[in-house]
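Counting starts at 1 for both ligands and their atoms, following the listed order. Note that the structure is predicted; figures quoted are calculated from it, not measured.
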Amino acid sequence: MNDTRTENGRHLFVVSAPSGAGKSTLTQTVVSRHPDIRLSISCTTRPRRGDERHGREYFFLNQEEFSRMIERGEFLEWAQVHGHYYGTSRAHVEDLMKQGFKVLFDIDVQGAASLKKQYREATLIFIAPPSRAELERRLRERKTDDPAEIKKRLRNALGEIYQAKTYDHVIVNDDLAAAVAQLEAVLLGRRLAKEDNEAILARLLSEFRDDSAGA
Ligand code: ADP
Ligand code: 5GP
């Protein structure tokens, strides 16, 4: 099992950031432009915001349902973030991988570390805000969290930014279009890995060998 996981991990991309840095905006933009990349939909016990829908942004579960999934070992990873539970369903991700999709995970720093242990070839990308003031402004402007929740998220940002050094890439989301281009460059670079083109290289070699044998 480990070998397959190491192999498949090349197609897994984890994006983490302090809340409000813009990772949902970035990941949704990239996924809408690349049909071969899918966003992993997590399970959570946090209440829905705005027009969030079950099965679109998250699978919204109650505490009992979430605990049952933990007991059954149905999560690839799970963590408590900002006082709520979040987890990645193993079956959901394996299904996406079986269908041949590259999978993008919008998960926190604990989830990223846990996934990297299981999939050593996964690429970890950290999204940083340009400044503390701008992060606070974005959280306020988003109008999805009350002042106490915003305070908590800003406090948690320190620990998250500490972990940036364990990531493979850091993208500063200042100008949105530039950050999208950088995220696409990381994803595209990984997708040009020679292992992904093994079949084509093998065919080329055999064509050239046949040609030189006939010459
Ligand atoms: P996260 O998913 O990291 O919590 P969001 O994607 O919800 O963050 O972004 C937080 C807020 O900041 C949203 O209102 C979004 O429209 C805005 N935002 C995202 N990126 C930028 C950017 N580069 N410049 C200005 N505002 C941004
Ligand atoms: P939000 O409540 O703003 O949607 O997400 C809060 C935090 O939980 C974000 O940092 C997000 O990346 C993280 N998160 C979302 N899903 C998961 C998950 O399945 N596992 C982990 N570990 N973190 C998650």
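Remark: minimum distance from atom 5 (O) of ligand 2 to any protein heavy atom is reached at Tyr58 OH, 3.3 Å. Of the protein's non-hydrogen atoms, the one nearest atom 6 (O) of ligand 1 is Thr25 OG1, 2.5 Å. Atom 10 (C) of ligand 1 has its closest protein heavy atom at Gly20 O, 3.5 Å. Scanning the protein for heavy atoms near atom 7 (O) of ligand 1, the closest one is Arg142 NH1, 2.8 Å. In terms of protein heavy atoms, atom 7 (C) of ligand 2 is closest to Val81 CG1, 3.7 Å.
Contacts between Leu26 and ligand 1 below 4.0 angstrom, taking non-hydrogen atoms only, are absent altogether. The parts of Ser24 lying near ligand 1 are both backbone and side chain, judged by heavy-atom distances below 4.0 Å.
For the pair Ala21 and ligand 1, a heavy-atom separation below 4.0 Å is found.
Polar contact check, Glu160 against ligand 2: no nitrogen or oxygen pair lies under 3.5 Å apart. In terms of polar-atom proximity, Arg49 is counted as a contact of ligand 2, with an N or O under 3.5 Å from an N or O of the ligand.
A salt bridge does not link Arg140 with Asp145: none of the charged nitrogens is closer than 4.0 Å to a carboxylate oxygen. Salt bridge absent: Glu57 and Arg53 never bring a charged side-chain N and a carboxylate O closer than 4.0 Å. Electrostatic pairing of Glu134 and Arg137 counts as a salt bridge here, judged by a charged N lying under 4.0 Å from a carboxylate O. With respect to Lys152 and Glu149, a salt bridge is recorded, a charged nitrogen being found less than 4.0 Å from a carboxylate O.
Residue pairs that meet the side-chain hydrogen bond (donor to acceptor under 3.5 Å, both in side chains) test with at least one member in residues 158-183, sequence neighbours left out, are Ser16-Tyr167.
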N/O donor to acceptor pairs below 3.5 angstrom from side-chain atoms of residues 200-208, sequence neighbours left out:
unit_1: Arg203; atom_1: NH1; unit_2: Glu207; atom_2: OE2; d: 2.9
unit_1: Ser206; atom_1: OG; unit_2: Arg203; atom_2: O; d: 3.3

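Note on Tyr119: it clusters hydrophobically with Phe101, by side-chain heavy-atom contacts below 4.5 Å among ILVMFWY residues.
For atom 22 (C) of ligand 1, the nearest non-hydrogen atom from the set Arg153, Arg138, Lys143 comes from Arg138.
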> Are Lys98 and Glu94 close enough, and set up right, to give a salt bridge (Lys or Arg N to Asp or Glu O under 4.0 Å), and what steps lead you there?
Replying inline: CA-CA 6 Å; Lys98 252 184 242 144; Glu94 284 176 357; 5.3 Å; no

